[in-house]
Amino acid sequence: HVHSSTSDGSYSPEALTVYANNQGVGIIALCDHKTTAGLKRFTTTQQKLTTIPGVELSATWQTGNCHFVGLGARYDYDPLEETLREIRTSRKNRNRTIIEKLNKLDIAISLDEVETLDDNELITRLHITRTMIKKIRSISSRGFPSYRLERYLAGIMTTAFIYALH
């Protein structure tokens, strides 16, 4: 299965089907994390391959977290969409907490910045990290020795981010 840019992937649902088709893939399943937002675009592609709609969810298990994939998910099934909305709301609250902790460490980042970086329905820790990296590159472009600054700030931000997750 693959992830698209509607969750934590890098490519749109359409681009994934084009790429898979060009690589000779015959069957591909889109299972974004906690969202079905890209499924309609994914399944209506004009490529010569079989597309399988899905969704990936996480659960806490006896020994930790596990992920499971639901193949054949429908983007128009209201009970599923309601559950996914609740999960995303919980995730958004977690993101606010992470950003508040980063702000307390003098890492100036806002949820608005993170949300405007990508056009995603689901904002993850990956998107927060991408926003932090964008800030590092912005500072580096102002004439600072970028390789030293990026290494230094990456270390600080990684430490801060790990702290913010707990």
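For reference, positions follow the sequence shown, starting with 1. What you are looking at is a predicted structure, and each value in this text was computed from that prediction instead of being measured.
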Show your working on side chain to side chain contact (heavy atoms under 4.5 Å, CB included) between L57 and L84 and close with a plain yes or no. CA-CA 9 Å; L57 299 172; L84 294 175; 3.6 Å; yes

Taking all atoms of both residues into account, what is the closest heavy-atom pair of L49 and A20, and its distance? CD1-CB, 3.8 Å

Donor-acceptor contact below 3.5 Å, side chain S90 vs main chain E86: no

Sub-3.5 Å donor-acceptor pair from the side chain of E113 to the main-chain atoms of S110, do we have one? yes

Of all the heavy-atom pairs spanning I99 and V114, show the shortest one and how long it is. CD1-CG2, 4.1 Å

Ignoring hydrogens, what is the shortest heavy-atom contact between A59 and F68? Give both atom names and the distance. CB-CE2, 3.9 Å

Keeping the roles fixed (side chain from R96, backbone from L111), state whether a donor-acceptor pair exists under 3.5 Å. no

side-chain hydrogen bond (donor to acceptor under 3.5 Å, both in side chains): which pairs involve residues 19-31, sequence neighbours left out? N21-Q47

Under 4.5 Å between side-chain heavy atoms, counting indirect links through other Ile/Leu/Val/Met/Phe/Trp/Tyr residues: same cluster for V55 and Y75 or not? no

For K92, what residues pass the salt bridge (charged side-chain N to carboxylate O under 4.0 Å, His left out) criterion, not counting sequence neighbours? E115

Roughly how far apart are T83 OG1 and D78 CG, rounded to 0.5 Å? 10.5 Å

Looking only at heavy atoms, which two atoms of N65 and T60 are closest? And how far apart? OD1-OG1, 3.6 Å

Take S5 and Y11 through the test side chain to side chain contact (heavy atoms under 4.5 Å, CB included) and record every step on the way to the result. CA-CA 5 Å; S5 57; Y11 301 101; 6.0 Å; no

Can you tell if the side chain of L71 reaches within under 4.5 Å of the side chain of C31, non-hydrogen atoms only? yes

Can you run down the salt bridge (Lys or Arg N to Asp or Glu O under 4.0 Å) pairs that involve residues 45-58, sequence neighbours left out, and say none if there aren't any? none

When rounded to the nearest 0.5 angstrom, what distance separates CH2 in W61 from NE2 in H67? 14.0 Å

Within the 4.5 Å heavy-atom criterion, are F42 and I28 side-chain neighbours or not? yes

Hey, does the side chain of T36 reach the backbone of L39 with a donor-acceptor pair shorter than 3.5 angstrom? no

Quick check for you: to the nearest 0.5 Å, what is the distance between T35 atom OG1 and I87 atom CD1? 10.5 Å

Out of curiosity, I109 CD1 to T131 OG1, how far, rounded to the nearest 0.5 Å? 5.0 Å

Got a second to check how far K104's NZ is from K101's NZ, nearest 0.5 Å? 8.0 Å

pair P13-K40: side-chain heavy atoms closer than 4.5 Å: no

Closest non-hydrogen contact found for I52 with G72 is CG2-N, 4.2 Å

Once salt bridge (Lys or Arg N to Asp or Glu O under 4.0 Å) is applied, what residue pairs with a partner in residues 16-32 remain, sequence neighbours excluded? none

Salt bridge (charged side-chain N to carboxylate O under 4.0 Å, His left out) partners for E14, two or more places apart: R41

Residues that D76 engages under salt bridge (charged side-chain N to carboxylate O under 4.0 Å, His left out), provided they are two or more places apart: R74

Worked check of side chain to side chain contact (heavy atoms under 4.5 Å, CB included) between L30 and T51: CA-CA 8 Å; L30 176 63; T51 55; over 6 Å; no

Mind checking whether H33 and H3 have parallel, tilted or perpendicular rings, split at 30° and 60°? parallel

